[in-house]
Asker: 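To start, I am sharing the structure in question, which I have written as structure tokens.
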Amino acid sequence: MKEGVLLLGHGSRRDEGNVELRQILEEVKKRGPKDRVYQCSFLQFTQPTLDEGIKYLVSAGVEKIIVVPLFLVSGTHIRQDIPNKLMLQKNKHPHIKFVYAEHLGSDARIADIVLDRIKGASRLVE
């Protein structure tokens, strides 16, 4: 089964924020299986939208799309907005298997990043 991975970010009116999601996508592509098709998309403010990202993956011939929301907390977007949009896409593409991965959440690895950022900021104050 040919898999596609869709990294989904919130989206920003500032392009710098959107560039960061694209950089994460490139890093995931480097480290992930080469036989997957990778794409990023945004919930708001910029393109490609969630619908456009799914359209790209479908046109690439994937049979399964893993949607990975790059959100830290389980708010309305995670619990309602994204599932509702994915339900519409499931109805539009019944031959595609959609898998909604967990958001980033309170994963202990995020604490490592936070501690690293604190260490870096401490050096700036000295």
Side-chain angles (χ1 to χ4, degrees):
M1 178 177 289
K2 188 173 181 181
E3 289 186 344
V5 172
L6 186 69
L7 298 185
L8 178 63
H10 186 275
S12 174
R13 290 182 179 99
R14 293 183 56 239
D15 194 49
E16 295 86 2
N18 302 321
V19 166
E20 291 173 350
L21 181 68
R22 291 182 179 99
Q23 290 169 336
I24 294 169
L25 174 68
E26 291 308 314
E27 196 61 37
V28 169
K29 280 181 181 179
K30 282 186 214 172
R31 297 177 186 207
K34 304 301 180 213
D35 59 341
R36 283 189 179 137
V37 181
Y38 297 91
Q39 176 68 8
C40 68
S41 66
F42 303 91
L43 201 55
Q44 300 177 348
F45 306 123
T46 193
Q47 277 105 18
T49 64
L50 175 63
D51 294 348
E52 291 167 341
I54 289 171
K55 183 177 179 180
Y56 170 81
L57 292 171
V58 170
S59 70
V62 303
E63 301 160 281
K64 178 180 181 182
I65 298 175
I66 302 168
V67 178
V68 183
L70 298 184
F71 289 71
L72 281 177
V73 297
S74 180
T76 302
H77 288 322
I78 292 296
R79 293 190 180 270
Q80 293 176 6
D81 299 339
I82 298 168
N84 290 344
K85 288 178 179 284
L86 289 178
M87 187 58 66
L88 293 172
Q89 289 296 321
K90 287 178 184 181
N91 292 335
K92 189 174 181 180
H93 304 285
H95 60 290
I96 303 291
K97 180 174 175 68
F98 286 87
V99 178
Y100 186 36
E102 279 188 62
H103 66 290
L104 299 176
S106 60
D107 189 301
R109 292 169 290 183
I110 293 173
D112 291 335
I113 295 169
V114 171
L115 290 168
D116 187 53
R117 298 297 190 260
I118 292 168
K119 187 188 300 182
S122 292
R123 287 189 210 122
L124 296 175
V125 176
E126 295 175 0

Asker: H93 versus H95: any side-chain heavy-atom pair under 4.5 Å?
Answerer: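 They are in side-chain contact.
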Asker: Would a hydrophobic clustering, with Ile, Leu, Val, Met, Phe, Trp and Tyr connected at side-chain separations under 4.5 Å, put L70 with L25?
Answerer: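 Same cluster.
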Asker: More than 12 foreign heavy atoms under 6.0 Å from CD of E63: is that the case here?
Answerer: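 Enclosed: over 12 neighbouring heavy atoms sit under 6.0 Å from CD of E63.
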Asker: Less than 4.5 Å apart, any side-chain heavy atom of I78 and any of V73?
Answerer: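 No, too far: nothing below the 4.5 Å cut-off.
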Asker: When you group the ILVMFWY residues by side-chain heavy-atom contacts below 4.5 Å and let the links chain together, are F71 and I110 in the same group?
Answerer: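 I110 and F71: separate clusters.
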Asker: Sequence neighbours left out, what passes side chain to side chain contact (heavy atoms under 4.5 Å, CB included) with N91? Give chain and number order.
Answerer: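 Partners of N91 by the side chain to side chain contact (heavy atoms under 4.5 Å, CB included) criterion, ordered by chain and then number, come out as M87.
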Asker: For residues I24 and V114: do they belong to one hydrophobic cluster (side chain heavy atoms under 4.5 Å, members Ile, Leu, Val, Met, Phe, Trp, Tyr)?
Answerer: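 Yes, one cluster joins them.
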Asker: Is a side-chain donor or acceptor of N18 paired with a backbone partner of S12 at a separation under 3.5 angstrom?
Answerer: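 Yes, the answer is positive, given that a donor and an acceptor are paired below the 3.5 Å cut-off.
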Asker: Please walk me through it: do S41 and T49 pass side-chain contact (heavy atoms from CB on, under 4.5 Å)?
Answerer: CA-CA 5 Å; S41 66; T49 64; 5.9 Å; no
Asker: Look at the side-chain heavy atoms of Ile, Leu, Val, Met, Phe, Trp and Tyr, link any pair under 4.5 Å apart, and say whether I66 and L86 land in one connected group.
Answerer: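 No, no single cluster joins them.
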Asker: Would you be so kind as to tabulate the donor-acceptor pairs closer than 3.5 Å made by side chains of residues 54-61, with sequence neighbours excluded?
Answerer:
unit_1: S59; atom_1: OG; unit_2: K55; atom_2: O; d: 3.4
unit_1: S59; atom_1: OG; unit_2: Y56; atom_2: O; d: 2.7

Asker: Nearest 0.5 angstrom please: K64 NZ to I96 CD1, how far?
Answerer: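 K64 NZ to I96 CD1: 12.0 Å, rounded to 0.5 Å.
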Asker: If every non-hydrogen atom of R22 is compared with every non-hydrogen atom of Q47, which pair is closest and at what distance?
Answerer: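 Here R22 and Q47 meet closest at NH2-O, 3.0 Å.
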Asker: My understanding is that only residues two or more places apart in sequence, or in another chain, count here; which of them pass salt bridge (charged side-chain N to carboxylate O under 4.0 Å, His left out) with R13?
Answerer: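 For R13, no residue satisfies salt bridge (charged side-chain N to carboxylate O under 4.0 Å, His left out) once neighbours in sequence are set aside.
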Asker: Among residues at least two apart in sequence or on other chains, which ones pass salt bridge (charged side-chain N to carboxylate O under 4.0 Å, His left out) with K30?
Answerer: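 So K30 forms a salt bridge (charged side-chain N to carboxylate O under 4.0 Å, His left out) with E27.
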Asker: Side-chain contact, heavy-atom cut-off 4.5 Å: L50 with L6?
Answerer: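 With C-beta onward as the side chain, the pair touches.
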Asker: Would you indicate whether K34, at its atom NZ, is surrounded by more than 12 heavy atoms from other residues, nucleotides or ligands within a distance under 6.0 Å?
Answerer: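 Counting other residues, nucleotides and ligands, NZ of K34 exceeds 12 neighbours.
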Asker: Please name all residues satisfying side-chain hydrogen bond (donor to acceptor under 3.5 Å, both in side chains) with Q44, sequence neighbours left out, ordered by chain then number.
Answerer: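 If we apply the side-chain hydrogen bond (donor to acceptor under 3.5 Å, both in side chains) test to Q44, skipping adjacent residues, the hits are H10.
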Asker: Residues in salt bridge (charged side-chain N to carboxylate O under 4.0 Å, His left out) with R109, at least two apart?
Answerer: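 In terms of salt bridge (charged side-chain N to carboxylate O under 4.0 Å, His left out), with neighbours along the sequence ignored, R109 is linked to D107.
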Asker: Does Y100 have any ring pair (Phe, Tyr, Trp, His ring centres under 6.0 Å) partners at least two apart in sequence or in another chain, and if so, which?
Answerer: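 By the ring pair (Phe, Tyr, Trp, His ring centres under 6.0 Å) rule, Y100 matches no residue at all.
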Asker: Can you hop from V62 to Y38 via hydrophobic side chains spaced under 4.5 Å?
Answerer: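 Different clusters: V62 never reaches Y38 through Ile, Leu, Val, Met, Phe, Trp or Tyr contacts under 4.5 Å.
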Asker: So do the side chains of P48 and Q39 get within less than 4.5 Å of each other, counting heavy atoms only?
Answerer: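 In contact.
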Asker: In chain order, what residues pass the salt bridge (charged side-chain N to carboxylate O under 4.0 Å, His left out) check against K29, with sequence neighbours excluded?
Answerer: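 E26.
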Asker: So, using side chain to side chain contact (heavy atoms under 4.5 Å, CB included) as the criterion, who are the partners of Q23 when residues are at least two apart?
Answerer: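 Listed in chain order: V19, E20.
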Asker: For L115, check side chain to side chain contact (heavy atoms under 4.5 Å, CB included) against everything at least two apart and list the hits.
Answerer: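 With neighbours one apart ignored, the set is I118.
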Asker: Just to verify, what does K92 make a side chain to side chain contact (heavy atoms under 4.5 Å, CB included) with, not counting sequence neighbours?
Answerer: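 Scan of K92 (side chain to side chain contact (heavy atoms under 4.5 Å, CB included), adjacent residues dropped) gives Q89.
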Asker: In Å, rounded to the nearest 0.5 Å, how long is the span from NZ of K90 to NZ of K97?
Answerer: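 Answer for the NZ-NZ pair, K90 versus K97, is 8.5 Å.
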Asker: For H103, which residues count as a side-chain hydrogen bond (donor to acceptor under 3.5 Å, both in side chains) partner, sequence neighbours excluded?
Answerer: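 Result, side-chain hydrogen bond (donor to acceptor under 3.5 Å, both in side chains) vs H103: none returned.
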Asker: To the nearest 0.5 Å, tell me how far I113 CD1 sits from L104 CG.
Answerer: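 These two atoms lie 8.5 Å from each other.
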